[in-house]
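Before any comments, here is the structure.
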Amino acid sequence: MAEEESRLIAERRRKLGLVRASGRSAYPYRFGDVVATGTVAAAARALEPGADDVGQTFSVAGRLGAIRQHGKSAFLDLNDRDGSIQLFARVDELGEAGYQSMLDELDPGDIVGAVGHPVRTKRGEPSLRVKHIELLAKALRPPPEKWHGLQDEEARIRRRHVDLFASSESRARFRARSLLTAGLRTFLTEAGFLEVETGVLSPVASGAAARPFVTRSHYLDDELRLRVALELQLKRLLVGGLERVFELGPVFRNEDLDSTHTPEFTMMECYWAYADYLDMRGLVERLYGRLAEVAAAALPDVPAAQAAAEVFRAPFDVVDYVETLERRMGVDHLLEKPIEELRTLARATGAPITGDAPAAKCFDKLFDRHVEPTLIRPTFVMDYPTVTSPLAKAHRSRPGRIERFELFYRGFELGNAYSELNDPEEQRRRFLEQAGDDPDTNFAYDEEFVEALEHGMPPAAGLGIGVDRMAMALTGATSIKDVVLFPPARRRT
RNA sequence: GGGCCCGUAGCUCAGCCCGGUAGAGCAGGCGGCUCUUAACCGCAAGAUCAGGGGUUCGAAUCCCCUCGGGCCCGCCA
């Protein structure tokens, strides 16, 4: 297989040699005044089939797709960020030598620039009639098959650069993701939130029950951990008086990959002083309404994106955590159940619940199995049991509950928010209840954070959104790998 | 971590059940064609069948191990 590959590469190298031998640069520095292919297509579409417009001259540049040689004329597909345009090259325009060297030197996959005027072929295809074409960068490796592209999931991840130029769907999806994060930033910035960047490395990784990655600092001569959440640092910024902050960036959890989890993912958290979780619910409703529109506009051909734009319209459904869970399970007084009974109920769902499993875990499993799959439309689930979160404030009127909601859509979570706990004594107690012996598997106790609260943190609402999952939901992706450019892959052997 | 499945030419796939020594399309080479668009027509070429071991007269095919990947479960939110 290596021989075959090197044969193809050698052939392309030979063509590169032809360019150099003729005294032209094989890798020139620039190609002037390039317009998007869509500009040429629009100009050409205004023409009658068979007509051209010699009054206009355009330069385009991009990667060659199929080359259809036709004797003394040829059609070349040129793809750029905007789409594609057909190049129509003829011997009578390029000259015998120019036409021949074009065909001798160029391959599908090459980066080329072309100058010409708009033309519409007899079949009606908007095209550029080529007066000049030149190689801007030789592709020494052949592109994948023009019709199917890269199908192998592993190849698509390991060679994402190839996946992107070979698959317009992949390109469109990642472009949509970029527009979504831009939309998220714009929305929050316009709402008065300040974007910040906090540290990734610290001795203690807290804010979530997750196993951290551990690394080592030569300078400190000590172990450091990669953050598993943004929460504690951002709350310290509230103590510092920044009042409305958000961060959008990677967090790291040392766990396996599956269709909705990856060890390195993008989290957005925002904190809003003097607001509570109901204020935050309103903000989330407006935010998702806006983002769903962004995705739908970016992906007109993706049904899931269009469907999301239809359904993410305020007001979203609102249900109570305990009531919904009790109804689905057919039980009453769930919060008063002794822990042993909770474990039995959780075990009945098939979840592996050990004899010392905490109530939080039981609730998580019960909700996960009985309720989550039923939440199809955008739905806020309100007022979780206190044990499920050590960082949220007790509900102002409902004993045993905290002021927390999560947003669900099509069975998975798209956001998590609460009225943030700002009582340092209470925080210290809850931390100690949750923190086990092992800081690498349990919710880590962070004394610096508690000391920060002792300086006084304003009442605040906080929100966390898993950006990858948000992008999945709004772009119709079924695997998180379809919205992460470079998911972790094992070392190539 | 457990179970199931997959790995054949640069790319997309067939062949594997039922063992007889690998086949197509695209891309590439040569030739033809001045409106094609998955262009078309002709000719020639291209493969340690993921890697290693075993069974067998004979292995892409059956068995075992290793590597890589996918799906489900677990872990995780």
Side-chain angles (χ1 to χ4, degrees), chain A residues 1-12 14-15 49-50 52 64-77 84-94 99 104 107-109 119-127 129 139-159 162-163 166 207-212 228-229 251-263 265 267 350-353 360-361 364-365 367-368 372 388-389 406 408 412-416 441 443 464-466 468-469 478-479 481 487 489-493:
Chain A
M1 80 178 75
E3 260 173 55
E4 170 65 5
E5 183 176 9
S6 64
R7 206 175 56 83
L8 294 170
I9 289 174
E11 185 60 32
R12 283 165 177 261
R14 182 184 66 77
K15 296 179 182 184
D52 55 2
L64 283 181
I67 298 174
R68 293 176 293 280
Q69 275 181 247
H70 212 287
K72 295 195 175 358
S73 71
F75 298 91
L76 302 84
D77 294 332
S84 69
I85 189 79
Q86 176 174 269
L87 306 180
F88 184 14
R90 298 160 50 118
V91 67
D92 51 14
E93 235 151 347
L94 293 171
Y99 181 78
D104 287 347
D107 285 301
V119 59
R120 196 139 174 234
T121 64
K122 287 173 187 167
R123 296 280 177 91
E125 180 74 20
S127 307
R129 192 158 185 156
L140 291 177
R141 293 179 180 276
E145 205 243 8
K146 61 188 169 192
W147 192 243
H148 299 94
L150 279 189
Q151 290 295 317
D152 181 46
E153 191 62 31
E154 180 181 0
R156 293 182 54 218
I157 288 166
R158 288 193 193 273
R159 283 182 283 166
V162 176
D163 174 48
R211 184 186 312 175
V228 297
V251 298
F252 308 85
R253 299 187 182 180
N254 210 337
E255 307 294 345
D256 286 357
L257 268 119
D258 64 29
S259 61
T260 57
H261 299 79
T262 176
F265 60 102
M267 181 78 100
I353 296 292
K361 172 139 186 149
D364 280 349
K365 288 294 163 197
F367 193 80
D368 188 46
E372 276 189 24
T388 59
S389 175
E406 290 193 302
F408 289 89
F412 69 82
E413 186 219 309
L414 288 186
N416 177 26
T441 53
F443 208 107
I465 289 178
D468 314 273
R469 290 183 182 181
T478 53
S479 168
K481 290 173 201 162
R490 268 177 221 281
R491 193 186 298 275
R492 206 158 52 148
T493 50

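Sequence lines set the chain letters: A, B, ... in the order given, protein chains first and strands last, and positions in each chain run from 1. FYI, side chains are in, hydrogens and waters are out, and symmetry mates aren't considered; it's all heavy atoms of this structure.
By the side-chain contact (heavy atoms from CB on, under 4.5 Å) test, A:Asn254 pairs with A:Arg211, A:Phe213, sequence neighbours left out. For A:Val91, the side-chain contact (heavy atoms from CB on, under 4.5 Å) partners are A:Lys72, A:Glu96, A:Tyr99, not counting sequence neighbours. By the side-chain hydrogen bond (donor to acceptor under 3.5 Å, both in side chains) test, A:Arg12 pairs with no residue at all, sequence neighbours left out. Residues forming a side-chain hydrogen bond (donor to acceptor under 3.5 Å, both in side chains) with A:Glu11 (at least two apart in sequence, or on another chain): A:Arg14. Every residue two or more places apart in sequence or in another chain that forms a side-chain hydrogen bond (donor to acceptor under 3.5 Å, both in side chains) with A:His148 is listed here: A:Glu145.
Not a single donor-acceptor pair, N or O on each side, falls under 3.5 Å between the base of B:rC35 and the side chain of A:His70.
B:rA44 and B:rA24: their P atoms are spaced 12 Å apart (whole Å). B:rC57 and B:rG15 have their C1' atoms separated by 23 Å, with the value rounded to a whole Å. B:rC63 sits 26 Å from B:rC72 when the C1' atoms are compared, rounded to a whole Å. For B:rG20 and B:rC13, the C1' atoms lie 24 Å apart once the distance is rounded to whole Å. Comparing B:rG52 with B:rA59, their P atoms are spaced 14 Å from each other, to the whole Å. Look at the P atom in both B:rC5 and B:rC17: the space between them is 15 Å, to the nearest Å. Separation of the P atoms belonging to B:rC6 and B:rC18 is 15 Å when rounded to the nearest angstrom. Straight-line distance between the C1' atoms of B:rA60 and B:rA38: roughly 29 Å, to the nearest whole Å.
Considering only the side chain of A:Glu255, B:rC76 comes nearest among B:rU37, B:rC76, B:rC30. Of the listed nucleotides (B:rA38, B:rC13, B:rG1), B:rA38 has the atom at the smallest distance from the side chain of A:His148. Of the candidate nucleotides B:rC75, B:rC33, B:rU37, B:rU37 has the atom lying nearest to any side-chain atom of A:Glu125. Counting only heavy atoms from C-beta on, A:Pro108 has its side chain closest to B:rA27 among B:rC35, B:rA38, B:rA27. With distances taken from any side-chain atom of A:Arg123 to the nucleotides B:rA27, B:rC76, B:rU37, the minimum falls on B:rU37.
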Any N/O pairs under 3.5 Å between the protein and nucleotides 69-72 of chain B? List them or say none.
from   : atom 1 : to       : atom 2 : distance (Å)
B:rG69 : OP1    : A:Arg490 : N      : 3.1
B:rG69 : OP2    : A:Arg490 : NE     : 2.8
B:rG69 : O4'    : A:Glu154 : OE1    : 3.1
B:rG70 : OP1    : A:Lys481 : NZ     : 2.5

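Between A:Lys15 and A:Arg120, the residue whose closest nucleotide on RNA chain B is further toward the 5' end is A:Lys15.
Rounded to whole angstrom, the span from the CZ atom of A:Arg12 across to the C1' atom of B:rG28 amounts to 8 Å. To the nearest angstrom, P of B:rA38 lies 9 Å from CG of A:Asp77. Rounded to an integer number of Å, the gap from A:Leu150 CG to B:rG7 P is 17 Å. Straight-line distance from the CD atom of A:Glu11 to the P atom of B:rA9: 21 Å, rounded to whole Å. To the nearest angstrom, P of B:rA38 lies 13 Å from CD of A:Glu145.
Of the side-chain N and O atoms in A:Arg159, one or more sit less than 4.0 angstrom from OP1 or OP2 of B:rC11. OP1 or OP2 of B:rC76 has at least one side-chain nitrogen or oxygen of A:Lys361 nearer than 4.0 Å. Between A:Lys122 and B:rU37, a side-chain N or O to OP1/OP2 separation shorter than 4.0 Å is absent.
Within the nucleic acid shown, A:Glu93 has no heavy atom closer than 4.0 Å to any nucleic acid atom. Looking at heavy-atom distances under 4.0 Å, A:Gln69 makes contact with a base. Nucleic acid contact class of A:Asp92 (heavy atoms, under 4.0 Å, all strands): base. Among the protein residues, A:Gly464 comes within range of no part of the nucleic acid, since none of its heavy atoms lies under 4.0 Å from any strand. Nucleic acid contact for A:Ala166: none, since no nucleic acid atom lies under 4.0 Å from a heavy atom of the residue.
For A:Arg129 and A:Glu93, the salt-bridge test passes: some basic side-chain N is under 4.0 Å from an acidic carboxylate O.
Classification of the A:Phe408-A:Phe367 ring pair by plane angle, with boundaries at 30° and 60°, yields tilted.
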